[in-house]
Amino acid sequence: MSFFPAKTVNSDIFGRLLLSEGLFINREAMRPSYMPQILPHRERQINELASILVPALRGETPSNIFIYGKTGTGKTIVTKFVGGELLKKGEEMGKYVTFVYINCEVVDTQYRLLQNIANHFINEWSERIPFTGWPTDEVFSKLLTMIDKNKGVNVIILDEVDKLKGDEALYNLSRINSSLEYAKLSIVGISNDLKFTEFLDPRVKSSLGEENLIFPPYDAEELQDILNQRALIALKPGCLDDDVVPLCAALAAQEHGDARRALDLLRMAAEICERQGVSCVSKKFVRLAQNKIETDRVTEVIRTLPAQSKLILLAIVLQHQHDSQKGTSGPITTGEVYEIYKDLCKKARADSLTQRRVADLISELDMLGIITARVISKGRYGRTREIQLSTSSDEIMFVLKEDEVYDDLSNYKINAQARLM
DNA sequence: CTTCCACAGGAAGGTCTGGCGG
DNA sequence: CCGCCAGACCTTCCTGTGGAAG
């Protein structure tokens, strides 16, 4: 739809017409990447982070920092915000301060991390470091000279630092200051894994954890403030029922106070509402949005499942459909699933796994939330898992059938079952 | 009370891939 | 280019177990 910024509304007739159809003024403001002017309920964290980093403006080395907090607690946005302010102030004061943000989920090896950092310090004299080919230690020493040349204070943010492979990179980075002659460097590590440092080399641990910052989850009221603030920017006035924001906030608060989740809910609710041509978002749409988000997640999970797990899931669905046709719909056991699964493998001319392995894959499906598997005892008749679908079988079939192989198999199996019975 | 089913789930080891240092 | 190692993925073999049936 429309991505017109709010200020063009008055001058752009077509934009205004387009907008009059929808509920959004600025859709981007509802996305997690959006940087608002004010970050509600994070004043304490902002101040703390700023006070740790302020030595950078005096040309001194700030302490290294570790930031913890679950997803959607504002770690990334607060750090970027403070970083931005730091740069602004640095420019104002004529101090050379740099601020490098790196997401370690994307840049996950030592080489690429060093390369990425180095390429931030590129200027007309230095050559770009290629994304492969150089020995790691050469990249490292190159990085050293590049940083040292600018003689400033550098703050490097490593977001999702727990995703970084191996702690060698962290070790090297944390010791970098002793090799720098003019420049200063400090590292901010961000992680949502509280136990992350336990597995680190003790030297890295003490060096990086000079300061610790913890981001607590938002409670329902705080989430409401955040939602209200964003809704004000993103949506037309008066298009939200009074109880919509509290509901979104309450639902997200149940899920460990995830602000991203809350925003997604509200945005999705408004989008569904808009698509249906309704001018006011009511509670109904929040429920719809919640369902949509959940099915989108499940669909995506199923789609990316490895082949063997898909076969197992297919076996469960087929058994489920077979049962409900006969009206004997009930829980399915591991043994039953395994028999059908073996049959399916034969039909597909694929190798089948052992029951032991299949049992593990079944618990994986359980953890992914596609099925529910509880261990129960049927007394004399043994101990097994009771397997139930937690998504409708039609929906799972719909996704599985995207692949011809499973489409064919779905027919095969129903015949085979009829033959068996 | 004991028995005993039909698995759960731990331990150890095999195979394969891919990154890394030399 | 090669050997090494870590980690993903599986297998084999194993012991453990809740509770209905006897």
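Quick note on labels: first sequence line is chain A, next is B, and so on, each numbered from 1.
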Enquirer: Find the distance Glu336(A):CD to dC5(B):C1' and express it as a whole number of Å.
Expert: 15 Å
Enquirer: Using whole Å, what does the distance between atom P of nucleotide dC9(C) and atom CD of Gln308(A) come to?
Expert: 12 Å
Enquirer: List the residues meeting side chain to side chain donor-acceptor pair (under 3.5 Å) with Asp225(A), not counting sequence neighbours, and say none if there are none.
Expert: His41(A)
Enquirer: Starting from P on dC7(B), measure out to CZ on Arg357(A) and report it in whole angstrom.
Expert: 19 Å
Enquirer: Output the rounded distance in Å from OH (Tyr341(A)) to C1' (dC10(C)).
Expert: 11 Å
Enquirer: Of all the choices, dC7(B), dT11(C), dA8(B), which nucleotide is nearest to the side chain of Leu353(A) once you look at every atom?
Expert: dT11(C)
Enquirer: By the 4.0 Å heavy-atom rule, please label Ser352(A) as base, sugar-phosphate, or nothing.
Expert: sugar-phosphate
Enquirer: Hey, can you pull the residues of residues 374-382 of chain A with a non-hydrogen atom under 4.0 angstrom from DNA chain B?
Expert: Val375(A), Gly379(A), Arg380(A), Tyr381(A), Gly382(A)
Enquirer: Is the side chain of Gln308(A) donor-acceptor paired with the backbone N or O of Asp351(A) at a distance under 3.5 Å, no angle test?
Expert: yes
Enquirer: In whole angstrom, give the distance that lies between atom CD of Glu386(A) and atom P of dC5(B).
Expert: 21 Å
Enquirer: Whole Å only: how far is the CG atom of Asp351(A) from the C1' atom of dC16(B)?
Expert: 15 Å
Enquirer: Tell me whether Asn192(A) contacts the main-chain N or O of Gly69(A) through its side chain, where contact means a donor paired with an acceptor under 3.5 Å.
Expert: no
Enquirer: Ignoring backbone atoms, test whether Arg356(A) places a side-chain nitrogen or oxygen under 4.0 Å from the OP1 or OP2 oxygen of dC14(C).
Expert: no
Enquirer: Quick check: closest heavy atoms across Ser191(A) and Val161(A), and the distance to 0.1 Å?
Expert: CB-CG1, 4.1 Å
Enquirer: Under 4.0 Å between a side-chain N/O of Arg383(A) and OP1 or OP2 of dG19(C), yes or no?
Expert: no
Enquirer: Looking at Ala249(A) and Leu223(A), what are the two nearest heavy atoms and their distance?
Expert: O-CD1, 3.4 Å
Enquirer: Are any of the side-chain heavy atoms of Leu311(A) and Leu409(A) separated by less than 4.5 Å?
Expert: yes
Enquirer: Can you check the Asp360(A) CG to dA8(C) P distance for me, whole Å?
Expert: 14 Å
Enquirer: Measure from CG on Leu311(A) to P on dC9(C) and round the result to the nearest Å.
Expert: 16 Å
Enquirer: Would you say Thr354(A) places a side-chain N or O within less than 4.0 Å of OP1 or OP2 belonging to dT11(C)?
Expert: yes
Enquirer: Between Asp159(A) and Tyr101(A), do the side chains contain a donor N or O and an acceptor N or O under 3.5 Å apart?
Expert: yes
